[in-house]
Amino acid sequence: MTPATDDGADTAAAPDPAPMRRSYEQNRIDEALHPDVTWPQLLGQWFAAAAASGQVGEANAMQLATVDATGRPGVRTVLAKSIDERGVAFYTNLRSAKGAALDAHPYAEAVFAWLPLERQVRLRGPVEPVPEAETLAYWRSRPRGSQIGAWASPQSARVADRAELEAAYADCAARFDGADVPLPPYWGGLRIVPEAVEFWQGRPDRLHDRLLFERDGDHWATHRLAP
Ligand SMILES: Cc1cc2nc3c(=O)[nH]c(=O)nc-3n(C[C@H](O)[C@H](O)[C@H](O)COP(=O)(O)O)c2cc1C
């Protein structure tokens, strides 16, 4: 099979990334201005700013890093579907590569890269299943096509070709015709319960602002990190 995309890019014309650079000058983190701010408050403010900016395609997209049973890292994009003081939750196929990795090591790091705002937020901590009632409420809010897609796709498994996927989709669509699409038993939500949250704001001369919130038992401590 010849892989084909339709972007028509000429790889010979790919630019040299070495001279690509910007000076980051849009904002700053000044903990003196907000001495009592908590990480959920700051995360909420930054997420709201990213969503409202009109510059971030999908403000709830985050890169999720896991470690598999053999110690190898894996990172991929997922969409956060809940962002609050409990942490960040996403939904996935629990039998996928990431699901297997999180079974072996239920601990993850995620990063929101809000690059047009010269910001990133990293969160790491243990991963817990989203309670069933919350998962079900989210599942029911999904478009029917996405629900059928979740049944049709053995996420991360090798498939022969696109036709195999489309045939599986058609089978599932026929199977659930005229009925609500039930929650697949292997599909659900996972929440990173943060024990560390770091806010990064780009600054001139690469002297960026980094503010780390770190949990110590019931208490959260705040530290400034060198860029
Ligand atoms: C913008 C974007 C959003 C995505 N959202 C999700 C998501 O919410 N859940 C998910 O399972 N995969 C999502 N994916 C696909 C994952 O990046 C990944 O390809 C898939 O989950 C399989 O990963 P795994 O083989 O490491 O388990 C998204 C990809 C992109 C680019």
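Counting starts at 1 for both ligands and their atoms, in listed order.
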Using distance alone, determine whether Glu58 and ligand 1 share an N or O pair under 3.5 Å.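 Looking only at distances, the answer is no, because the N/O contact criterion of under 3.5 Å is not met.
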Taking the cut-offs as 6.0 angstrom to the six-membered ring centre and 45 degrees off its axis, would you call [X] and [Y] a cation-pi pair?
X: Arg119; Y: Trp46; answer: yes
X: Arg175; Y: Trp151; answer: yes
X: Arg206; Y: Tyr24; answer: yes

Of the listed options Leu190, Thr77, Thr66, closest to atom 16 (C) of ligand 1 (non-hydrogen atoms):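 Looking at heavy atoms only, the winner is Thr77.
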Protein contact for atom 19 (O) of ligand 1 (heavy atom, distance under 4.0 Å):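 There is no protein heavy atom less than 4.0 Å from atom 19 (O) of ligand 1.
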For [X], counting its heavy atoms only, list the atoms of ligand 1 lying under 4.0 Å from any of them.
X: Tyr91; value: 7 (C), 8 (O), 9 (N), 10 (C), 11 (O)
X: Thr92; value: 10 (C), 11 (O)
X: Lys98; value: 11 (O), 20 (C), 21 (O), 22 (C), 23 (O), 24 (P), 26 (O), 27 (O)
X: Ala97; value: 24 (P), 25 (O), 26 (O), 27 (O)

Greater than 12 external heavy atoms within 6.0 Å of Glu132's CD: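 Atom CD in Glu132 is not packed in, count stays at 12 or less.
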When rounded to the nearest 0.5 angstrom, what is the spacing between CD in Glu118 and CH2 in Trp200?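 Nearest 0.5 Å value for the CD-CH2 distance: 7.5 Å.
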Using a strict 4.0 Å threshold on nitrogen-to-oxygen distance, state whether Arg158 and Glu164 make a salt bridge.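 Looking at Arg158 and Glu164, the cut-off is not met.
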